[in-house]
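Down below is the structure, laid out as structure tokens.
All values below come from the heavy atoms of this structure, side chains included, with hydrogens, waters and symmetry mates left out.
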Amino acid sequence: MKFKLSAVALFVACCQLSAEEGFKPLFNGEDLTGWRSVREQNVPGSGAFIVDESEGAIRVYAGEEAGSTQDTDCLYTESEYSNYILKLEYKWLDNRFAPRVSHDRDAGLLFHVHGDLTKIWPKCLEMQLGESDTGQVKDRYATGDLWVIGKDVFVWNERKGEFYVPGSELVPVGKGQGYDKSYITAGNENPHGEWNEITLTVRGGKEAIFELNGKEVNRIEAMTHEVDGKSVPLAKGRIGLQAEYAELMYRNIRIEELPLESGSLNGPVWKPDVSSEFEVGNQIRAWTIQDEGMDAILDNMQQMCGINSLYMVVIMHEEHRPYQAPQFPHNPARDTWEAEDARVTFFPDMERYGKMKPLLSDVDWIRETDWLQIMVDACRARNMAVGAEVSHFPIPKSVIKSRPDWQQKKIDGTSWSDIRFCPNNPEVREYITALFGDLAANYDLDYIQTCQHIFFRNTDVDKDGTCFCEHCIAAAKKTGFDLEAAIPKLKADPNCQPERDNWLNFRADSTTDFYRMISEEIARVKMNPNCHLRYNDTYPYRGWVLEDVGMHLDKVSPYLGSLVHQDHEEQKGKPNETFERRIAWLTKSRSLIGPDLPLICGIAPRIKATPELVKAGIKVALEHPADINGLAFKHYDGASFGLMRAFKQGMIEAGVQGLPPILGIEVEEMKLDGFERIDDYVEEWGVATSSKGTASTTFELPSGTYDIRITYFDEEKGQSPVTLFVNDQETVRFELDEDVGCWRWRRFENIQVNQGDIIKLTAESDTGETVRLDFVEFIPSE
């Protein structure tokens with residue numbers, strides 16, 4: 001199979017290739033070195049591919065008689081590729097072969113080829129090559145159509161019906177069938193006998209873009225396949241050329257391999273457990289466990305959000321929950337909760353503490369249960385990462401008010417605040433050390449998170465600047481700074497030097513030493529060898545400057561195991577949000593902590609957030625050059641199911657690999673009769689009726705057996721019936737009989753649904769109850 005190129009043809013080919021910087025040839029122009037043919041492997045000496053000397057091309061079915069019966073063949077590279085731009089030219093010749101003498105001419109460019117390479121066709125994705133110039137016609141072949149080959153291969157495609165339409169809804173293509181497809185809507189091929197140029201851009205498992213003669217004709221996202229029964233990213237494979245009953249030529253095959261960059265070209269890899277390189281965290285509190293149940297919470301978090309790390313706020317400051325929202329969206333027991341003044345929700349080892357002991361809750365059911373241990377046990381049973389958070393006020397405000405000697409002092413000796421402690425007070429340090437040590441020593445935690453606000457942001461000595469207490473004077477003296485002598489000079493001139501700079505540096509040193517003390521105690525006593533101190537940086541949300549409050553991340557970061565960034569821009573609901581604050585803050589944080597410390601970016605799917613804002617915020621975070629190591633969902637108790645699903649879908653669309661997609665449809669996107677669309681009903685979207693309503697749609701997923709989950713709002717009255725029909729066959733029926741006044745869901749198992757079936761929901765109001773429906777999800781049955 002070695003055919004020499006003519007000198008002229010070789011010269012032309014080399015000139016064309018060298019003109020594109022960064023590209024290298026995949027076809028050397030002389031022989032098929034680096035390529036293998038399926039037919040050549042199975043029947044030595046055979047194969048549909050040769051090198052044509054006159055055209056400098058690979059020719060398919062050369063010399064075969066028109067109309068004769070021919071076998072298909074696949075020529076594929078010996079090497080695998082992941083991130084690249086591939087270019088080639090192809091041209092149709094005249095002959096067609098049985099059994100497709102009368103069909104459109106047919107071939108294809110295969111990529112991510114894997115599995116059994118002796119099969120026709122191997123598992124892969126295909127950019128169709130076909131002579132139809134119309135597109136938008138089923139069962140014809142047009143260049144740019146997508147084929148998904150393999151029962152366990154799965155992609156997402158923007159389309160309506162079976163046609164790729166940019167900007168339309170992302171639809172799953174391929175899973176559960178040997179072959180599945182997405183047609184282009186218009187052809188862009190040159191006339192028969194002319195050369196056409198293909199550009200295929202592949203970004204790992206994130207996306208692939210099909211271009212024909214300079215025009216984008218198709219695009220796919222989130223490519224996955226199954227390995228050992230689990231869905232994992234399909235991020236690499238061989239490249240293949242098809243021979244399928246039509247004579248054609250391929251030439252100028254060249255490739256530019258792109259760098260592997262997390263979050264851009266080759267997204268981070270997610271796993272559902274503690275082994276994941278990409279963390280997806282969430283927060284929980286004791287009353288949420290009490291009301292919803294630990295297993296139900298974890299099911300929601302894992303299935304809807306992809307959570308693999310969960311932490312409990314074990315000391316919560318006084319605050320109304322849910323924060324700035326009218327009620328909990330999915331709590332069946334209560335609408336709101338007023339958090340206590342720094343009461344613990346774990347069982348402290350009181351012998352570890354000095355005079356100051358942790359305060360237990362005044363609520364009996366909180367005080368009598370070790371809620372942290374319940375969460376740890378439940379998460380470890382699912383192999384999830386686990387943490388605990390000591391919130392803004394680790395010491396109850398009531399205690400600090402009763403101890404003036406614990407309070408920070410202004411330069412005139414008066415208290416700056418009767419609820420803010422001095423970090424250099426020995427009794428405060430003893431208590432804080434014991435608190436973090438208690439958690440690390442007695443609970444199997446991967447991290448202990450905190451967001452201590454130590455100093456006020458005011459750096460003006462004469463305007464509430466702190467701290468000038470006796471304990472700070474003693475601590476400063478140990479560093480070589482005579483704060484006591486500096487006080488009268490600063491009173492006379494707040495800007496005198498070097499006293500002012502020395503004072504500011506001392507504040508920074510005090511903050512650093514405070515975190516050092518906590519970190520070293522965790523390392524000394526920790527039960528879990530991975531347990532570390534995590535700093536929860538909430539200053540971006542407040543718009544404060546870290547250095548103004550004495551926090552210098554470059555100094556503190558050696559004592560941290562990870563950092564969480566929070567700006568919460570999504571929750572403001574600005575439709576034109578550009579996330580400039582997030583972009584700037586992530587840049588600054590990464591520059592201060594260095595390239596290796598894990599950096600997690602908080603996303604806020606609550607209050608005024610929308611699905612679009614949540615997805616946009618995730619995209620900004622993942623594409624940022626700070627190269628973040630995870631996302632934090634802020635927070636579960638205030639987020640609707642719709643925003644939870646948007647969070648997961650946003651990660652998938654931004655390139656996080658390995659996440660199983662949510663398969664389903666928003667009820668408001670179905671054909672409605674008697675239902676009206678609603679939005680922002682406890683931060684949720686959907687449809688509602690106070691009489692009778694019907695919502696219907698065509699099932700476009702692969703045929704199979706599914707568990708069907710229906711999300712609804714159940715008012716505190718009535719028992720309205722809801723029925724789901726599959727092709728007019730009543731399949732599911734239930735009543736809204738919990739009377740809980742919140743959003744809920746029910747899951748119905750092992751229901752056969754076929755592609756093309758009509759899915760219909762009906763509801764009828766009972767005793768004036770408004771029926772609200774949100775989402776119908778199809779979960780492949782295990």
statement: Residues passing the side-chain hydrogen bond (donor to acceptor under 3.5 Å, both in side chains) test with Asp509, sequence neighbours excluded, are none

- prompt: Going by atom types only, do Tyr431 and Asn425 share a side-chain donor-acceptor pair under 3.5 Å?
  reply: no

message: Please report the interatomic distance OG(Ser557) to CG(Leu563), rounded to the nearest 0.5 Å.
response: 9.0 Å

message: Looking at every heavy atom in both Leu310 and Asn282, which two are closest together, and how far apart are they?
response: CD1-O, 3.4 Å

field: Distance (rounded to the nearest 0.5 Å) between Met644 CE and Tyr636 OH
entry: 5.0 Å

task: In sequence, state the C-alpha distance, the side-chain angles, and the governing distance for Asn424 and Cys467, and then conclude on side chain to side chain contact (heavy atoms under 4.5 Å, CB included).
output: CA-CA 9 Å; Asn424 289 311; Cys467 177; over 6 Å; no

field: More than 12 heavy atoms from other groups under 6.0 Å of NZ on Lys572
entry: yes

message: Run Trp337 and Asp637 through side-chain hydrogen bond (donor to acceptor under 3.5 Å, both in side chains) and show every step you take.
response: CA-CA 11 Å; Trp337 181 266; Asp637 66 1; over 6 Å; no

message: For a 4.5 angstrom cut-off between non-hydrogen side-chain atoms, does Tyr323 reach Ile607?
response: yes

query: Going through the checks in order, is the side chain to side chain contact (heavy atoms under 4.5 Å, CB included) test met by Met384 and Met301?
result: CA-CA 12 Å; Met384 296 171 62; Met301 289 183 175; 5.9 Å; no

field: Ser361 side-chain N/O to Arg343 backbone N/O, donor-acceptor pair under 3.5 Å
entry: no

CD (Glu351) with more than 12 external heavy atoms under 6.0 Å: no

- request: Just do the side-chain hydrogen bond (donor to acceptor under 3.5 Å, both in side chains) check on Arg606 and His568 with the steps written out, would you?
  value: CA-CA 9 Å; Arg606 61 178 185 175; His568 289 186; 3.3 Å; yes

- prompt: Quick one: does Asn308's side chain have a donor or acceptor within less than 3.5 Å of a partner on Phe278's backbone?
  reply: yes

Check ion pair Arg590-Asp627 (N to O, under 4.0 angstrom): no

Min side-chain heavy-atom separation Leu298-Cys379 under 4.5 Å: yes

Derivation of the side-chain hydrogen bond (donor to acceptor under 3.5 Å, both in side chains) call for Thr587 and His624: CA-CA 8 Å; Thr587 300; His624 196 283; 2.9 Å; yes

- request: Decide, yes or no, whether a salt bridge links Lys271 with Asp273 under the criterion of side-chain N to carboxylate O below 4.0 Å.
  value: no

message: Tell me whether the rings of Tyr515 and Tyr535 are parallel (<30°), tilted (30 to 60°) or perpendicular (>60°).
response: perpendicular

- prompt: Looking just at side-chain N and O atoms, do His320 and Thr336 make a donor-acceptor pair shorter than 3.5 Å?
  reply: no

- prompt: Are side-chain heavy atoms of Lys648 and Pro660 found at a separation under 4.5 Å?
  reply: yes

message: Salt bridge check, Asp295 against Arg382: does any charged N sit closer than 4.0 Å to a carboxylate O?
response: yes

query: Can you name the closest pair of heavy atoms from Met356 and Pro396 and give their distance?
result: CE-CD, 3.8 Å

field: CE-OG1 distance between Met375 and Thr345, expressed to the nearest 0.5 angstrom
entry: 9.0 Å

- request: Without swapping roles, check the side chain of His532 against the backbone of Ile522 for a donor-acceptor pair under 3.5 Å.
  value: no

task: Search all heavy atoms of Arg645 against all heavy atoms of Ile662 and return the closest pair with its distance.
output: CG-CD1, 3.6 Å

field: Pairwise side-chain contact, Ile432 with Phe436, heavy-atom cut-off 4.5 Å (strictly under)
entry: yes

Ion pair check, Lys615 and Glu653, cut-off under 4.0 Å: yes

- request: Please report the C-alpha distance between Trp371 and Trp287 in whole Å, then the side-chain angles of each, then the deciding distance to 0.1 Å, and finally whether the ring-ring contact (aromatic ring centres under 6.0 Å, His included) criterion is met.
  value: CA-CA 9 Å; Trp371 295 100; Trp287 55 85; over 10 Å; no

Side chains of residues 596-605: which donor-acceptor partners sit under 3.5 Å, not counting sequence neighbours?
none

Heavy-atom donor-acceptor pair, Asp349 side chain to Asp438 backbone, under 3.5 Å: no

- prompt: What is the minimum heavy-atom distance between Pro661 and Ile652, and which atoms define it?
  reply: CA-CD1, 3.6 Å

- request: Could you tell me whether a side-chain N or O of Arg516 sits under 3.5 Å from a main-chain N or O of Tyr559, the two making a donor and an acceptor?
  value: no

message: Between Asp567 and Lys634 (salt bridge meaning N to carboxylate O under 4.0 Å), is one present in this structure?
response: no

Phe579 backbone acceptor or donor facing Glu569 side chain under 3.5 Å: no

message: Quick one, Arg321 and Phe328 - any side-chain contact, counting heavy atoms below 4.5 Å?
response: yes

- prompt: To the nearest 0.5 Å, what is the distance between CG (Asn383) and OG (Ser276)?
  reply: 11.0 Å

- prompt: Can a salt bridge be assigned to the pair Asp341 and Lys397 using a cut-off of 4.0 Å between side-chain N and carboxylate O?
  reply: no

query: More than 12 non-hydrogen atoms from neighbouring residues, nucleotides or ligands closer than 6.0 Å to NZ on Lys555, yes or no?
result: yes

- prompt: With the threshold set at 4.0 Å, does a side-chain nitrogen-carboxylate oxygen contact exist between Glu570 and Arg582?
  reply: yes

message: Using a 3.5 Å distance criterion without hydrogens, assess whether the side chain of Asp446 forms a donor-acceptor pair with backbone atoms of Val386.
response: yes

message: Is there a side-chain contact between Val656 and Ile618 in this structure, where contact means two heavy atoms from C-beta onward sitting under 4.5 Å apart?
response: no

- request: Spell out, as yes or no, whether a donor-acceptor pair under 3.5 Å connects the side chain of Thr479 to the backbone of Ala476.
  value: yes

- prompt: Got a salt bridge between Lys588 and Glu547, using NZ or NE/NH1/NH2 to carboxylate O under 4.0 Å?
  reply: yes

statement: Heavy-atom closest pair (Val525 atom, Gly437 atom, distance to 0.1 Å) is CG2-O, 3.4 Å

field: Lys/Arg N to Asp/Glu carboxylate O, Glu427 vs Arg403, below 4.0 Å
entry: yes

- line: In this structure, NE2 of His552 is separated from CG of Leu546 (nearest 0.5 Å) by 9.0 Å

task: Could you tell me whether Arg534 and Glu279 make a salt bridge, using a distance below 4.0 angstrom between a side-chain N and a carboxylate O?
output: yes

- prompt: So, the side chain of Asn528 versus the backbone of Leu445: is there a donor-acceptor pair under 3.5 Å, distance only?
  reply: yes

Under 3.5 Å donor-acceptor, Gln283 side chain and Ala632 backbone: no

query: Does the side chain of Gln452 reach to within under 4.5 Å of the side chain of Val390, using non-hydrogen atoms?
result: yes

statement: Of all heavy-atom pairs linking Pro332 and Glu292, the shortest is CD-CG, 3.8 Å

query: Is there a side-chain contact between Tyr353 and Leu435, using heavy atoms and a 4.5 Å cut-off?
result: yes

- request: Starting at CG of Asp405, measure out to NE2 of His471 and round the result to the nearest 0.5 Å.
  value: 5.5 Å

- request: Measure the acute angle between the ring planes of Phe481 and Phe506, then classify it against the limits of 30° and 60° as parallel, tilted or perpendicular.
  value: tilted

